[in-house]
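Below you'll find the structure, written out as structure tokens, and then a few comments.
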Amino acid sequence: MSRGTLLDFFRDFAERSQQFLVYDDGLRSHSYRYDEVALLANAFAVRLRDSGFAKDDKLIIYSENRPEWVVALWGCLLAGVIAVPIDFRSAPEFVQRIAGIVNARAILKGDEVELAVAPNVWAIASLSQQSGGLAAPLEISSDQIAEIIFTSGATADPKGVIITHRNILANIVPV
């Protein structure tokens, strides 16, 4: 099966009802099926578009590992929004600096990070309780930017590494 973009990969699993993610938050275990994640990702893509996001806009994901992180990434991909993931252990000043560099439209904030609440800061936990329709199909190519990953290095300013759909597919398709 040929996959030109991650959206093709998404369609491969979006209707499956098997268990996909299991998350233990320390109090209880949560389980998500493939189709549940797909519905949540679609709802997030609609939320992004309804909030004025357009193709190639940037959204910072500044959160601990959790199922909503996966939902956020797929929602960004469905909306053509470029995800900019930042390690949740990074300093808030670093996050704000990256937000300025990429001209981020908003920051998706996890529960375990310190960041001032502002109009452009959204709680990642809200992604598991959202509902909405299906994101309108988007025309993208394999060279569409999927994410920008930043590295700071010891002596230099942060530098962004551009990752395309083709880059990610080259790693996951063989698996």
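Below, all heavy atoms of this structure are taken into account, side chains as well, without hydrogens, waters or symmetry copies.
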Check against side-chain contact (heavy atoms from CB on, under 4.5 Å), F44 and L108 = CA-CA 11 Å; F44 185 55; L108 198 54; 4.0 Å; yes
[atom2] on [Y] to [atom1] on [X], rounded to 0.5 Å:
{"X": "F150", "Y": "D87", "atom1": "CZ", "atom2": "CG", "value": "14.5 Å"}
{"X": "I145", "Y": "K55", "atom1": "CD1", "atom2": "NZ", "value": "10.5 Å"}
{"X": "D56", "Y": "I140", "atom1": "CG", "atom2": "CD1", "value": "10.0 Å"}
{"X": "I107", "Y": "Q96", "atom1": "CD1", "atom2": "CD", "value": "4.5 Å"}
{"X": "L77", "Y": "I82", "atom1": "CG", "atom2": "CD1", "value": "10.5 Å"}

Side-chain ([X]) to main-chain ([Y]) donor-acceptor, under 3.5 angstrom:
{"X": "E64", "Y": "E112", "answer": "yes"}
{"X": "H165", "Y": "L6", "answer": "yes"}
{"X": "Y32", "Y": "S128", "answer": "no"}
{"X": "S51", "Y": "F53", "answer": "no"}

Can you check side-chain contact (heavy atoms from CB on, under 4.5 Å) on T5 and D8, steps first, answer last?
-> CA-CA 6 Å; T5 70; D8 298 325; 3.8 Å; yes
Given the rule that I, L, V, M, F, W and Y join up when any side-chain heavy atoms are under 4.5 Å apart, are [X] and [Y] in one cluster?
{"X": "L39", "Y": "F9", "value": "no"}
{"X": "I172", "Y": "Y34", "value": "yes"}
{"X": "V161", "Y": "L73", "value": "yes"}
{"X": "Y23", "Y": "V37", "value": "no"}

Go through F20 and V70 one step at a time and tell me if the side-chain contact (heavy atoms from CB on, under 4.5 Å) criterion holds.
-> CA-CA 11 Å; F20 176 42; V70 175; 4.1 Å; yes
What pair of heavy atoms forms the shortest contact from [X] to [Y], and how long is it?
{"X": "G160", "Y": "I148", "result": "CA-CG2, 3.8 Å"}
{"X": "Y62", "Y": "S90", "result": "OH-O, 2.5 Å"}
{"X": "S31", "Y": "Q19", "result": "OG-NE2, 2.6 Å"}
{"X": "A72", "Y": "I61", "result": "CB-CD1, 4.0 Å"}
{"X": "G110", "Y": "S63", "result": "CA-OG, 3.5 Å"}
{"X": "V81", "Y": "A54", "result": "CG2-O, 4.0 Å"}

Residues that [X] engages under side chain to side chain contact (heavy atoms under 4.5 Å, CB included), provided they are two or more places apart:
{"X": "E93", "result": "A91"}
{"X": "A38", "result": "F10, A14"}
{"X": "N65", "result": "none"}
{"X": "L27", "result": "D25"}

Is the shortest heavy-atom distance from the side chain of [X] to the side chain of [Y] under 4.5 Å?
{"X": "L78", "Y": "L138", "answer": "no"}
{"X": "E68", "Y": "L40", "answer": "no"}
{"X": "I149", "Y": "P85", "answer": "yes"}
{"X": "I168", "Y": "E147", "answer": "yes"}
{"X": "T164", "Y": "S142", "answer": "no"}
{"X": "L48", "Y": "C76", "answer": "yes"}
{"X": "R66", "Y": "I124", "answer": "yes"}
{"X": "N103", "Y": "K58", "answer": "no"}

Pairs involving residues 37-47, ordered by first then second residue, that meet side-chain hydrogen bond (donor to acceptor under 3.5 Å, both in side chains) (sequence neighbours left out) =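 Non-adjacent pairs meeting side-chain hydrogen bond (donor to acceptor under 3.5 Å, both in side chains): R47-S126.
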Below 6.0 angstrom between ring centroids: does that apply to F13 and W74?
-> yes
Around atom CD of E15, are there more than 12 heavy atoms of other residues, nucleotides or ligands at under 6.0 Å?
-> no
Any salt bridge (Lys or Arg N to Asp or Glu O under 4.0 Å) involving residues 94-108? Give me the pairs, sequence neighbours left out, ordered by first then second residue.
-> D57-R105, R97-D157
